[in-house]
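Here the structure comes first, spelled out in structure tokens, and everything after it is commentary.
Numbers restart at 1 for each chain; the letters A, B, ... are given by sequence-line order, proteins then strands. Computed from a predicted structure; not experimentally measured. In what follows, every heavy atom counts, from backbone to side chain, and hydrogens, waters and symmetry copies are set aside.
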Number of protein chains: 2
Amino acid sequence: MNVMNASPRRKELTRLAAQLFVQEGFDRTTVRMLAQEMGIKSGSLFHHFRDKQEILAAVIEEGTENALVIAREALDRCDSSASARLHAMARAHLETLLTDRNAHVVALYEWRRLDPEARAHLSHLRDAYEALWEEVIDEALAEGLVHGDRFLVSRFVMGALNWTVRWYDPKGPRTPTSWPMSWSP
Amino acid sequence: MNVMNASPRRKELTRLAAQLFVQEGFDRTTVRMLAQEMGIKSGSLFHHFRDKQEILAAVIEEGTENALVIAREALDRCDSSASARLHAMARAHLETLLTDRNAHVVALYEWRRLDPEARAHLSHLRDAYEALWEEVIDEALAEGLVHGDRFLVSRFVMGALNWTVRWYDPKGPRTPTSWPMSWSP
DNA sequence: GGGTCAACCAAGCAAGCGCTAGTGTAAATG
DNA sequence: CATTTACACTAGCGCTTGCTTGGTTGACCC
């Protein structure tokens, strides 16, 4: 088995899996569906991944790693005012949400399907990303750019940004989706 | 079968189902698990609901109907300034999110599992609720209370509010949950 | 040209799934 | 008293699931 490496083949399979997981949801996506989409037989899948769970973990890991890279680059590139850094961070966030849309939607909707070990590992990645956000928000608070409770501000900002995956459709203004364009509670 | 009525027994079963759907997700929740939680055998479940899908629809319907009632009451009770109405609406929204938490989390995560007929029916309920929001936001824009694109403003407000179900835990400040307290994309 | 190795396949197993059929029974209804 | 209704039961059918097994292929290497 290829379990631990990051072969190009595995990367591609992961990308395809992400797409299917978004379309059908993790539980509804069978290993046979995944295999067919990948052009192989279902048994062959387990040459690349230990089990179905590992495919899910690979999808989320990939997405979160890319988010970290993009955010760091954006922060390096912009000037050091709190406003510019906040702007850069928000923009990087939305950029990631779009380019790795599938992976992030999966992370959002299927996180609970991860087993404890995978969850622990991916939590570290996530925490690293959140640390960037908290840093930037602290600066914004210190400069008086925004006001309010540090905790609440960051939750609300992240909420508003992340929620975009539910209603923003890059394919066009009003393509029918399988979830409601918006949601009322 | 009791399919169409709203017997008190069915209401209670629906409440229990909502809890299980939140804990396990719709697909992972088997009719046998539901039956056990309800203290009956799996076959007996189909006396109350036509099929598993109908249980899901019942959960979401219940939650959305309650949201509508609460929001309307709140709007009736407050005075007519745009600020007061916006405040009342936001408060009612969060109140619903808390009291019918399970139902709303299910609606948020499992909407896609609904079959087309159920989805169409529930969309109407949802639209009725959203109409209240749009009305209030329009008033706020007209009075200059908030600025910006009407569409974007309502999405961002709803996003920030709805996102609370992901990090706010009514049981206490830091109880471990099965999803990340917050999320980084 | 024999050996290596990732990649793949055909076949199938054990477990679990939603749901149905048919029956029993106590309370409500005529 | 006779009949219907609401609710529960047992038993199991037909099918799908994730995953395993044992073997084949073809490109590359010394």
Given atom CZ of B:Arg50 and atom P of C:dG18, what is their separation to the nearest angstrom? 18 Å

Given atom CG of B:Leu45 and atom P of D:dC7, what is their separation to the nearest angstrom? 13 Å

Could you check which of C:dC17, D:dC9, C:dC19 has an atom nearest any side-chain atom of B:Thr30? C:dC17

Between B:Leu13 and B:Ser42, name the one whose nearest nucleotide on DNA chain D is closer to the 5' end. B:Leu13

With a cut-off of less than 4.0 Å, is there a side-chain N or O of B:His47 near OP1 or OP2 of D:dA6? no

Side-chain N or O of A:Ser44 versus OP1/OP2 of C:dA7: is the shortest distance under 4.0 Å? no

Starting at atom CZ of A:Arg9, determine the distance to atom C1' of D:dA27, rounded to an integer number of angstrom. 16 Å

How many Å lie between CD on A:Gln53 and C1' on D:dT17, as a whole number? 14 Å

Rounded distance (Å) that lies between atom P of C:dG18 and atom CG of B:Leu34: 8 Å

So, B:Glu135 and B:Arg85, do they make that salt bridge, N to O below 4.0 Å? yes

Counting only heavy atoms from other residues, nucleotides and ligands, does the tally under 6.0 Å from CZ of A:Arg91 exceed 12? no

Can you confirm if the aromatic rings of B:Phe151 and A:Trp167 lie within a centre distance of less than 6.0 Å? yes

Determine whether a donor-acceptor pair (one donor, one acceptor, N or O, separation below 3.5 Å) exists between the side chain of B:Arg32 and the base of C:dG16. no

Using a heavy-atom cut-off of under 4.0 Å over every strand shown, decide if B:Lys41 touches base, sugar-phosphate, or nothing. base

Heavy atoms from C-beta onward define the side chain here; which of D:dC7, C:dG18, D:dC19 lies closest to that of B:His48? D:dC7

If the plane angle is over 60° it's perpendicular, under 30° parallel, otherwise tilted; pick one for B:His93 and B:Trp133. perpendicular

Quick one: A:Arg28 CZ to D:dT17 P, roughly how many Å, whole number? 10 Å

Can you figure out which of C:dT20, C:dC8, D:dT20 approaches the side chain of B:Phe46 most closely? C:dT20

Between CG of A:Leu56 and P of D:dG18 the distance, given in whole Å, is 13 Å

Ignoring hydrogens and angles, tell me if any N or O in the side chain of A:Ser44 forms a donor-acceptor pair with the backbone of A:Ile40 under 3.5 Å. no

Take atom CE of B:Met33 and atom C1' of C:dG18, then tell me their distance rounded to the nearest Å. 14 Å

